[in-house]
Amino acid sequence: MEIIPFDDRDGYIWFNGKLNSWRDTKTHVITHGLHYGSLVFEGERSYEGKIFKGEDHTLRLINSANIMDMTLPWTKNEIDSAKEEVLEVMKLSNAYVRAFAWRGSEMMAVSAQNTKIHMAVAAWEWPSYFDPEAKMRGIRLDISKWRRPPSECAPVHAKAAGLYMICTLAKHEAEKKGFHDTLMLSHDGFIAEATGANIFFKMEDGAIHTPIADCFLNGITRQEVIKLINKKGYEVIERRIKLEELKNVQQCFLTGTAAEVTPVGQIGDFEFKPDNFCKLIMEEYSNLVKS
């Protein structure tokens, strides 16, 4: 499969208030966002030309910036319009949309109050986060040595670039072993999530359990899937889940903007069989995003 570099593509990117040629949209290498991770972002999907929960993603971007002590110089409506403009000019209907903001080059130290805040929006085709055949069988997760930090040690409720450093390390490690992704635990050893998606379990007694989002993002897709499960007459129990409880799991799936709803067939030595419940939630979510 040919890899097309992201710096050498046709099209346009919205950058600081206007559309720029994709190849000519650049920032300086001495940029606070690059050196210190002071960048926040959103990953969104459009279906048939409509961004799913686009306003919710914009509000989360603004909130992430506030958590990172960054004030975006664009309003919610301006950001929403920018995303729509990019989809239109790129002639994309079913696409991945990324809006992101970062600190500029005015200061190069830990302290960065006087840096300019930049923002960009880009969009491209991205059919499936995981291989479609593996997804239907249930993807395989390793169990990572890297753990999610507590809220006292990192801005865990911001979608901030620096928090994904351990995710990259964890996923690289898993892929080298032949897994699709990996399960990450919390700092104190409870189940947290995968590297970029939340996780749900259908237990042997039929109950649906998911970890409390106390050291990771309460995903927008996660919230919508909980509503879908409730509408189908199931209660979703949010609690701290021990790793050894995986022996009581019948079905498991991930949720996220990129992952959508993805069944899991294995976590470490624990195996599950994606069945009717996983298929039901996949179908209901597909209907929801396209409605």
Side-chain angles (χ1 to χ4, degrees), residues 31-43 56-57 59-72 98-104 107-115 117-119 141-176 179 181-201 209-223 226 237-246 254-259 267-268:
T31 300
H32 200 275
L34 175 63
H35 289 258
Y36 291 94
S38 53
L39 181 149
V40 294
F41 70 98
E42 282 297 314
D56 290 4
H57 280 284
L59 290 172
R60 187 170 70 178
L61 180 71
I62 294 169
N63 184 58
S64 292
N66 290 338
I67 292 173
M68 296 290 288
D69 198 25
M70 298 162 55
T71 301
L72 300 186
R98 177 158 293 212
F100 51 107
W102 66 97
R103 293 188 182 278
M107 300 179 70
M108 187 46 55
V110 173
S111 179
Q113 295 96 329
N114 296 322
T115 48
I117 305 303
H118 299 272
M119 184 173 168
L141 305 185
D142 192 15
I143 300 172
S144 179
K145 66 182 181 183
W146 295 98
R147 296 193 175 191
R148 294 290 189 186
S151 59
E152 297 87 355
C153 296
V156 297
H157 299 299
K159 195 169 179 68
L163 295 172
Y164 285 79
M165 177 178 62
I166 56 174
C167 300
T168 297
L169 293 170
K171 186 151 186 169
H172 282 187
E173 182 181 55
E175 289 177 339
K176 288 174 183 176
F179 293 91
D181 203 341
T182 191
L183 179 71
M184 300 185 75
L185 305 180
S186 65
H187 57 98
D188 50 358
F190 290 90
I191 291 173
E193 59 171 354
T195 58
N198 298 129
I199 193 163
F200 287 78
F201 304 103
H209 294 236
T210 191
I212 297 172
D214 55 358
C215 63
F216 56 88
L217 279 178
N218 179 14
I220 291 172
T221 304
R222 176 184 186 272
Q223 296 172 48
I226 288 175
I237 301 170
E238 299 181 66
R239 66 179 182 86
R240 308 190 87 195
I241 303 171
K242 296 178 180 179
L243 192 61
E244 56 263 32
E245 293 184 66
L246 292 178
L254 304 180
T255 64
T257 296
I267 300 177

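Computed from heavy atoms alone, side chains included, the values below leave out hydrogens, waters and symmetry copies.
Atom CE of Met108 sits in a crowded spot, with more than 12 heavy atoms from other residues, nucleotides or ligands closer than 6.0 Å. No more than 12 heavy-atom neighbours from other residues, nucleotides or ligands sit within 6.0 angstrom of CG on Asp69.
Paired with Ile117 under the rule side chain to side chain contact (heavy atoms under 4.5 Å, CB included), one option of Thr71, Val40, Leu72 passes, and it is Leu72.
Between Asn63 and Ile67, the closest side-chain pair of non-hydrogen atoms falls below 4.5 Å. Using a 4.5 Å heavy-atom cutoff, the side chains of Leu183 and Asp142 are not in contact. Side-chain contact check for Lys159 versus Leu61: every heavy-atom pair is 4.5 Å or farther apart. Asp214 has its side chain within reach of Arg240: a pair of non-hydrogen atoms, C-beta onward, lies under 4.5 Å apart. Annotation: side chain of Leu246 is in contact with side chain of Ile267 (closest heavy-atom distance under 4.5 Å). Contact check for Thr31 versus Trp102: side-chain heavy atoms found under the 4.5 Å cut-off. Annotation: side chain of Phe190 is in contact with side chain of Asp188 (closest heavy-atom distance under 4.5 Å). With a 4.5 Å cut-off on side-chain heavy atoms, Phe200 and Arg222 count as touching.
Remark: Ser38 pairs with His32 by the side-chain hydrogen bond (donor to acceptor under 3.5 Å, both in side chains) rule, at least two apart or across chains. The side-chain hydrogen bond (donor to acceptor under 3.5 Å, both in side chains) check on Asn114 picks up nothing, with sequence neighbours excluded. Checked against side-chain hydrogen bond (donor to acceptor under 3.5 Å, both in side chains), Glu173 has no partners two or more places apart in sequence or in another chain. Under the rule for a side-chain hydrogen bond (donor to acceptor under 3.5 Å, both in side chains), the partners of Arg103 that lie at least two apart in sequence or sit in another chain are Thr115. Not counting sequence neighbours, Phe201 has no partner by the ring-ring contact (aromatic ring centres under 6.0 Å, His included) test.
Asn198 places a side-chain N or O within donor-acceptor distance of the main-chain N or O of Gly219, the cut-off being under 3.5 Å.
Across all their heavy atoms, Gly104 and His118 have their closest contact at CA-CD2, 3.6 Å. Between Ala192 and Ile199, the shortest heavy-atom contact is O-CG2, 3.9 Å. The two residues Ala160 and Met68 come nearest to each other via the heavy atoms CB-SD, 4.0 Å. A pairwise comparison of heavy atoms in Ile241 and His209 identifies CD1-CB, 4.0 Å as the closest pair. Of all heavy-atom pairs spanning Met70 and Ala101, the tightest one is CE-O, 3.8 Å. Nearest heavy-atom pair, Thr182 versus Ala174, reported as atom, atom and distance to 0.1 Å: CB-CB, 3.8 Å.
The structure places CD1 of Ile237 at 11.5 Å from CD1 of Ile226, a figure rounded to the nearest 0.5 Å. The CG atom of Leu217 sits 6.5 Å away from the OG atom of Ser64 when rounded to the nearest 0.5 Å. The CZ atom of Arg60 sits 12.5 Å away from atom NE2 of His157, with the distance rounded to the nearest 0.5 Å. Note that the CZ atom of Phe100 and the CG atom of Leu39 stand 7.0 Å from one another [nearest 0.5 Å]. The distance from atom NE2 of His57 to atom CD1 of Ile62, rounded to the nearest 0.5 Å, is 13.5 Å.
Here Glu245 pairs with Arg239 in a salt bridge; the nearest charged N to carboxylate O distance falls below 4.0 Å. Salt-bridge check for Arg98 with Glu42: failed, with every basic side-chain N at 4.0 Å or more from each acidic carboxylate O.
Within the structure, the side-chain hydrogen bond (donor to acceptor under 3.5 Å, both in side chains) test picks out the following pairs touching residues 144-153 (sequence neighbours left out): Arg148-Glu193.
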